[in-house]
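Before we start, here is the structure in question, set down as structure tokens.
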Amino acid sequence: MWLNRDVISVLDFSKEELLDLFNKAKQIESIRENSFSNLKGKVLATAFFEPSTRTRLSFQAAMLRLGGTTLDLGEPTVSSLAKGENISDTVRMLDYYSDVIVIRHKLEGVSRYAAEICEHPVINAGEGTKEHPTQTMIDLYEVWKTFKSLENLTYAIVGDIKHARTISSLILSFSIFKPKKVYLISPLELRAKEKIKSFMESNGILYEELTTLSEVLEEADVFYITRIQKERFSDPYEYEKVKGSYVITLEHTKKMKEGAIILHPLPRVDELSPKVDSTKNAAYFSQARGGLYLRMALLRAILTGD
Amino acid sequence: MSEKELKVTKIENGTVIDHIPAGKALDVIRILGITGKENYTVAILMNVESKKLGKKDLIKIENRVLEPREAKLISLVAPEATLNVISNFEVKEKYKLEPPEMIEGLIKCPNELCITNKQDEPILPKLKVVKGLKIVLECIYCGATLTSEEITKFIL
């Protein structure tokens with residue numbers, strides 16, 4: 001089921017496969033030792049054509065903790081990309097040198113193309129504005145651990161709905177694990193693209209677009225917060241007008257219903273007050289930590305089948 | 001349909017594309033790259049009566065046989081069309097167009113950020129043909145979609 005699988009889109013996986021992955025991750029997480037030798041002799045290559053902290057490091061940490069080794073393409077300025085080498089040739093070389101390739105690029109379709117030309121499995125670590133499948137797996141893993149189920153939950157997704165690939169990728173997964181309702185909370189300028197809305201409609205996902213958070217504070221089970229991207233606003237005044245509406249504070253958490261959790265794919269800027277960190281609603285550090293185990297489970301599954 | 005009704009004479013050699021959905025003839029002409037400056041005869045009939053379609057368009061092209069590439073593209077804008085190869089005033093071959101499962105290297109992905117639009121990559125655009133009420137093309141790499149109405153703008 002898992003051996004040699006590419007990970008390009010969350011939609012490439014069934015509900016059963018995702019639940020199987022979450023169980024594998026939980027099993028790894030439950031072992032305190034956290035050091036294995038399953039992937040001894042295996043090499044993971046990371047090729048990040050866009051900046052990354054967590055995704056790159058957690059994939060590398062996951063590989064190292066499984067007994068494997070890693071190599072990194074490095075900044076485009078230090079590799080042959082600076083000499084004009086194309087993506088295709090670069091990826092082919094990584095395929096010769098490694099057993100699995102983790103790739104991030106601003107262009108869309110790169111990982112599927114890489115998977116087509118590579119013999120070894122390719123993992124999409126974020127691409128364009130559409131997909132970030134392993135982040136979605138991590139998000140779902142955290143929700144699954146908290147609620148013991150991924151069905152019938154109410155989500156409040158807050159921030160740059162239009163551009164954040166973590167959001168569109170999460171929305172794709174709602175066709176696999178049906179939520180009760182999804183609130184999309186953003187300034188008008190950053191509302192979901194038509195394609196995402198028609199995806200939700202054609203998959204029977206109930207959603208509502210809002211501009212303020214206050215009316216869903218008591219209703220949502222999961223708050224998924226992302227950064228409002230100042231640079232996307234054509235008018236700085238418009239940004240100033242809305243930015244405060246999307247900062248999660250201690251006051252907000254007091255109105256949240258019992259058991260509600262706050263997720264954030266990180267990095268955060270100012271949309272999530274550090275004062276929230278110590279509340280029982282704050283699940284974003286647990287989510288980030290779970291990312292390591294989820295990626296360990298994923299790497300072990302696609303490289304050994306276990 | 002009789003000649004009298006159409007008021008267009010038979011062609012000696014060439015191609016007749018029949019059963020084009022009404023209003024789509026000009027898309028077919030664009031696909032074929034016909035500008036009117038060619039030195040062969042082209043007859044375009046639009047919105048003529050059809051038992052099968054109610055209204056239809058029809059194109060007669062003298063001295064030109066379509067390439068498989070052209071037939072594939074036409075099948076996307078006129079999936080019900082029939083192609084008649086005419087030789088010496090007779091129909092020598094007649095077949096119904098069938099949209100293929102995949103279009104490779106013929107239509108550009110509409111997403112400018114798609115890897116297939118990057119100049120220096122050795123990759124051909126591949127679009128999956130999704131057959132529903134209307135034909136939609138979907139890039140197998142980035143997932144961008146293109147409706148049959150937009151196809152002529154993206155032909156390579």
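The model shown is predicted, which means the values in this text are computed figures rather than measured ones. Naming: A, B, ... by sequence-line order, numbering from 1 per chain.
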Margin query: Please check if the number of heavy atoms outside Lys55(B) that lie under 6.0 Å from its NZ is greater than 12.
Written below: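 Yes, enclosed.
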
Item checked: CD1-OH distance between Ile123(B) and Tyr113(A), expressed to the nearest 0.5 angstrom -> 5.0 Å

Check: Considering only heavy atoms, which portion of Glu116(A) lies under 4.5 Å from any heavy atom of chain B: side chain, backbone, both, or neither?
Finding: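 Looking at Glu116(A), just its side chain touches chain B.
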
Next item on the list: Look at atom NZ of Lys106(A) and say whether more than 12 heavy atoms of other residues, nucleotides or ligands are closer to it than 6.0 Å.
Entry: no

Check: With only heavy atoms counted, which part of Thr145(B) is less than 4.5 Å from chain A, the side chain, the backbone, both or neither?
Finding: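 For Thr145(B), the contact with chain A is made by backbone and side chain together.
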
Next item on the list: Measure the spacing between CG of Leu107(A) and NZ of Lys118(B) and express it to the nearest 0.5 Å.
Entry: 6.5 Å

Note to self: A quick test of your reading: do over 12 heavy atoms of other residues, nucleotides or ligands sit less than 6.0 Å from CD of Glu119(A)?
What the structure shows: no

Next item on the list: Assess whether atom NZ of Lys126(B) is packed by more than 12 heavy atoms of other residues, nucleotides or ligands within 6.0 Å.
Entry: yes

Notebook entry, point to check: Is it true that a side-chain atom of Asn86(A) and a backbone atom of Asp120(B) form a donor plus acceptor pair closer than 3.5 Å?
Noted result: yes

Item checked: Reported SG-to-CZ distance for the pair Cys114(B) and Arg112(A), which is rounded to 0.5 angstrom -> 11.5 Å

Next item on the list: Check whether any side-chain N or O of Glu108(A) sits under 3.5 Å from a backbone N or O of Tyr141(B) as a donor-acceptor pair, and report yes or no.
Entry: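 Checked: no pair found.
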
Next item on the list: Return yes when atom OH of Tyr97(A) has more than 12 non-hydrogen atoms of other residues, nucleotides or ligands closer than 6.0 Å, and no otherwise.
Entry: no

